Protein chains: 2
Amino acid sequence: MRRTRFDDWPCPIARTTDLLGDWWTPLVLREAFSGRRRFDEFQRALGIPKAVLSARLDRLVDDGLMVTVEYQDNPVRHEYRLTPKGRAMWDVLAAMWRWGSDWAFDGEPPVILSDRETHQEVVPLVVDENSGAPLDPRRLRMRRNPRTDVSA
Amino acid sequence: MRRTRFDDWPCPIARTTDLLGDWWTPLVLREAFSGRRRFDEFQRALGIPKAVLSARLDRLVDDGLMVTVEYQDNPVRHEYRLTPKGRAMWDVLAAMWRWGSDWAFDGEPPVILSDRETHQEVVPLVVDENSGAPLDPRRLRMRRNPRTDVSA
DNA sequence: CGAGTAGGTTCGTTTGTTGAACTGACTCGC
DNA sequence: GCGAGTCAGTTCAACAAACGAACCTACTCG
């Protein structure tokens, strides 16, 4: 009777949900992207219960989004760093950023994302890599496998 | 001692997490995008416990991502439809799709997204709306407010 | 009249989350 | 060399959320 797992469902959204659906996980990743690496940095920045942070970091390491790197002996201490698999998750956070900015800040002052070097504002947008055009959800179909699946 | 809420944090990712972090919610939205509208359709397609589905749909309606539309009298029955705010969430699901496809289907047959009319494959990618370039998480800064905030 | 459909609610059990307290191995200042 | 502080956790009890089964209401169909 444990919580239903989605990590073996035949759908990329389901598998990503299984990971990001853990409470706090997207915020732990956000902090990692803003440069935090140590347990205490994450803990203080977020105010997350330590037991939960410990479980989340362990899972991110198990799933290959982060690795632990030893930065000190005596006592042994290690920090948590994003792997390429973890850094690839930035696009998902960016899309969440965009939606949140557009729809969840009604009237409040804007929070912006900018390029560290050019100082230009960055506005995330999801497009089709092939055509460069924004996506229209009403025109999309999800298919199991191009060869075997014929249904909707 | 209830679960920590993020919906009033001054960060768009946190606010979006507060919604999508509810277990099952991204999948309920996925089903809505694939055309499902009725309680039973969602329930059967996902195998979600009815009490949970009921809570999720109620929240999506409360938060303005869906609306109920009456489609029958005697007994009164209504269906759940996405609003523009709900449809805007497609970009987030698409980014999740991309990450899941790239990183969570090791060796398994690909699942694809295609245009209903042109039948061309669609590959979601997050870019900067202004420059059209993909995002580099290492070059980004998150700022509270362009006028008042000077820190990292 | 009984079975089926649609859209839920209720309930007891199991998992997950929370915050506080505790641990252990160090370092630093006095 | 002693107490305070740092860092990275673990343990615990209370509470919240998710689970699946059973139940409910209001119809329709045969």
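Since the structure is predicted, the reported quantities are computational estimates derived from the model, not experimental observations. Lettering follows sequence order; numbering is per chain, from 1.
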Generate the contact string for nucleotides 11-30 of chain D. Rules: B means base contact, S means sugar-phosphate contact only, - means no protein heavy atom under 4.0 Å. B--B-S-SBB------S---
Within residues 63-71 of chain A: residues closer than 4.0 Å to DNA chain C (heavy atoms): none
Reading DNA chain C in the 5' to 3' direction, which nucleotide is the first one with an atom under 4.0 Å from a heavy atom of chain B, and which is the last? dA6(C) to dT18(C)
Arg87(B) meets the salt bridge (Lys or Arg N to Asp or Glu O under 4.0 Å) criterion, sequence neighbours left out, with none
Between dA8(D) atom P and Phe39(A) atom CZ, what is the distance in whole Å? 8 Å
Results of side chain to side chain contact (heavy atoms under 4.5 Å, CB included) for Arg5(B) - residues two or more places apart only: Trp23(A), Arg2(B), Arg3(B), Asp7(B), Asp18(B), Asp22(B), Arg59(B)
In chain order, what residues pass the side chain to side chain contact (heavy atoms under 4.5 Å, CB included) check against Asn74(B), with sequence neighbours excluded? none
Could you tell me whether Phe42(B) contacts a base, only the sugar-phosphate backbone, or nothing, with contacts defined as non-hydrogen atoms closer than 4.0 Å? nothing
Phe42(A): ring-ring contact (aromatic ring centres under 6.0 Å, His included) partners, not counting sequence neighbours: none
Arg15(A): which residues meet the side chain to side chain contact (heavy atoms under 4.5 Å, CB included) condition with it, sequence neighbours left out? Ala104(B), Phe105(B), Glu108(B)
Would you list the atom pairs, donor with acceptor, under 3.5 Å between side chains in residues 130-137 of chain A and any protein atom, with sequence neighbours excluded?
from: Ser131(A); atom 1: OG; to: Asp128(A); atom 2: OD2; distance (Å): 3.2
from: Ser131(A); atom 1: OG; to: Ala133(A); atom 2: N; distance (Å): 3.2
from: Asp136(A); atom 1: OD1; to: Arg138(A); atom 2: N; distance (Å): 3.0

Are Trp103(A) and Trp90(B) co-members of a hydrophobic cluster defined by side-chain heavy atoms under 4.5 Å apart? yes
Quick note, salt bridge (Lys or Arg N to Asp or Glu O under 4.0 Å) partners involving residues 38-48 of chain A, not counting sequence neighbours, are Asp40(A)-Arg44(A)
For residues 56-87 of chain A, which residue pairs qualify under ring-ring contact (aromatic ring centres under 6.0 Å, His included), counting only residues two or more places apart or in two chains? His78(A)-Tyr80(A)
Going by ring-ring contact (aromatic ring centres under 6.0 Å, His included), name the residues that satisfy it together with Trp97(B), two or more places apart in sequence or in a different chain. none
